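Take a look at the structure set out below.
This is a predicted model, so every value here is computed, not measured.
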Amino acid sequence: KIEAGKVEMTKEIYYTQSLLEDVSLLIGGLAEKKGIAYRTDIDKSIPYRLKGPVGHIREVLTNILNNAVKYTKEGSVTLRVRCLERSGSELKLEFVIEDTGIGMKDEDTEKMFEKFSQFDTKVNRDVEGTGLGMYIVKGLVEQMGGEIQVESVYGEGTKIAVWLIQEVIDERPIGDIRLDLLEEEKKDTRSFRTTASVLVVDDNEINLKVSTAFLEKYGICAD
């Protein structure tokens, strides 16, 4: 779909805080399981509600952060979010993901976004994947009209920056990212509760973790 230009960029109104919390919930759990630190550094002035293709933004951030955790054996993975520019009702958001992982050689950085490419397979022989994650990320970022840039130092870590334009819906700043959702947001999006038990089936461990985390918010027990 990306190659054919058939990915639907449906724009939705979303809570900025909720997007970042959903991503952090998943990645923080993966990092903790691996014994590394997961940190966030969020600009408090970012508007409370924005409009854009939030599903694809979540996919891009999750893919990059998951890769960062995968290739970091010790140290930390950090997500930084900044509001760079403002023009009328639009703003430019910067997402920066930094890790203290193995890093990449210059030639590997250049081919990072190629299909089916994985680097240093001898060193990273225990890392699973198809080599399509970053190819998909680049395709989605470009179709959202954004930019992506990679900087890496072999043996020290990698930094990936993504810039996206979003429409401002609610001017109020998000303040500190907290684990508890604001009351207004709870009332708006989390009012549905149930005690159902469901079986979730997927051949991708990340999908299972995401599904379970989302269902838990509604009181659903996922096996």
Side-chain angles (χ1 to χ4, degrees), residues 2 7 9 16 19-31 34 36-43 46 50 52-85 91-121 123-124 127-166 177 204 206 209-210:
I2 288 173
V7 177
M9 290 293 158
T16 314
L19 165 67
L20 299 175
E21 285 180 349
D22 287 342
V23 171
S24 295
L25 176 68
L26 170 64
I27 301 302
L30 294 176
K34 198 170 179 182
I36 62 176
Y38 172 70
R39 303 187 178 106
T40 58
D41 179 10
I42 313 298
D43 183 352
I46 296 174
L50 301 172
V54 62
H56 292 307
I57 297 172
R58 184 183 288 109
E59 186 175 356
V60 164
L61 294 177
T62 302
N63 260 294
I64 299 174
L65 284 162
N66 182 52
N67 257 15
V69 171
K70 256 202 287 191
Y71 289 102
T72 301
K73 293 183 178 178
E74 57 183 27
S76 63
V77 170
T78 303
L79 169 64
R80 306 183 196 280
V81 188
R82 293 284 178 271
C83 179
L84 293 186
E85 301 171 10
L91 63 79
K92 187 175 187 178
L93 279 182
E94 177 186 65
F95 300 92
V96 177
I97 293 92
E98 294 183 80
D99 66 60
T100 59
I102 192 169
M104 290 178 284
K105 299 172 184 175
D106 289 343
E107 60 267 28
D108 289 324
T109 303
E110 292 172 7
K111 68 178 184 180
M112 183 180 184
F113 297 113
E114 294 177 4
K115 282 186 290 186
F116 309 114
S117 66
Q118 289 179 307
F119 66 92
D120 244 346
T121 50
V123 175
N124 298 300
V127 176
E128 297 179 359
T130 59
L132 277 172
M134 294 308 295
Y135 172 74
I136 289 171
V137 162
K138 187 172 188 289
L140 289 175
V141 169
E142 288 177 347
Q143 290 196 28
M144 284 189 280
E147 302 172 72
I148 185 166
Q149 186 180 79
V150 181
E151 295 176 18
S152 191
V153 178
Y154 191 60
E156 294 184 19
T158 300
K159 180 169 80 172
I160 298 177
V162 174
W163 297 277
L164 297 170
I165 303 293
Q166 299 291 282
I177 294 296
N204 184 299
I206 296 299
K209 290 180 182 296
V210 171

Q | pair Val69-Ile36: side-chain heavy atoms closer than 4.5 Å | A | yes
Q: Could you tell me which residues satisfy side chain to side chain contact (heavy atoms under 4.5 Å, CB included) with Glu74, sequence neighbours excluded, listed by chain and number?
A: none
Q) Looking only at heavy atoms, what is the nearest atom pair of Ser152 and Gly157, with distance? A) OG-O, 3.2 Å
Q | salt_bridge(Arg80, Asp43) N-O dist < 4.0 Å | A | no
Q | Heavy-atom closest pair, residues Gly146 and Leu164 | A | CA-CD2, 3.9 Å
**Q.** Heavy-atom side-chain proximity of Met134 to Ile160 below 4.5 angstrom
**A.** yes
Q: Start with the C-alpha distance between Thr158 and Val153, add both sets of side-chain angles, then the distance that settles side-chain contact (heavy atoms from CB on, under 4.5 Å), and finish with yes or no.
A: CA-CA 6 Å; Thr158 300; Val153 178; over 6 Å; no
Q) Taking the side chain as C-beta and beyond, is there a heavy-atom pair between Asn66 and Asn63 under 4.5 Å? A) no
**Q.** Side-chain touch Leu20/Phe95, heavy atoms, less than 4.5 angstrom
**A.** yes
Q | Minimum heavy-atom distance Thr40-Ser24, with the two atoms named | A | CG2-OG, 3.6 Å
Q: Go through the side-chain N and O atoms of Glu94 and Trp163 and say whether any donor and acceptor fall under 3.5 Å apart.
A: yes
Q: Over all heavy atoms of both residues, which pair between Ile42 and Ile46 is shortest? Give the atoms and the distance, please.
A: CG2-CD1, 4.2 Å
Q: Supply the atom-to-atom distance Leu79 CG to Arg39 CZ, rounded to the nearest 0.5 angstrom.
A: 13.0 Å
Q | Residue pair Ser76 / Tyr38, side-chain donor-acceptor N/O under 3.5 Å | A | no
Q) Between Ile64 and Val137, does a side-chain contact (heavy atoms from CB on, under 4.5 Å) hold up when you go through it step by step? A) CA-CA 8 Å; Ile64 299 174; Val137 162; 3.9 Å; yes
Show me the donor-acceptor pairs, under 3.5 Å and distance only, between side chains in residues 55-62 and residues at least two apart or in other chains.
from  : atom 1 : to    : atom 2 : distance (Å)
His56 : NE2    : Glu8  : O      : 3.1
Thr62 : OG1    : Arg58 : O      : 2.7

Q) At their closest point, which heavy atom of Met9 faces which heavy atom of Met144, and how far apart are they? A) SD-CG, 3.5 Å
Q. What distance separates Leu26 CG from Leu30 CG, expressed to the nearest 0.5 Å?
A. 5.0 Å
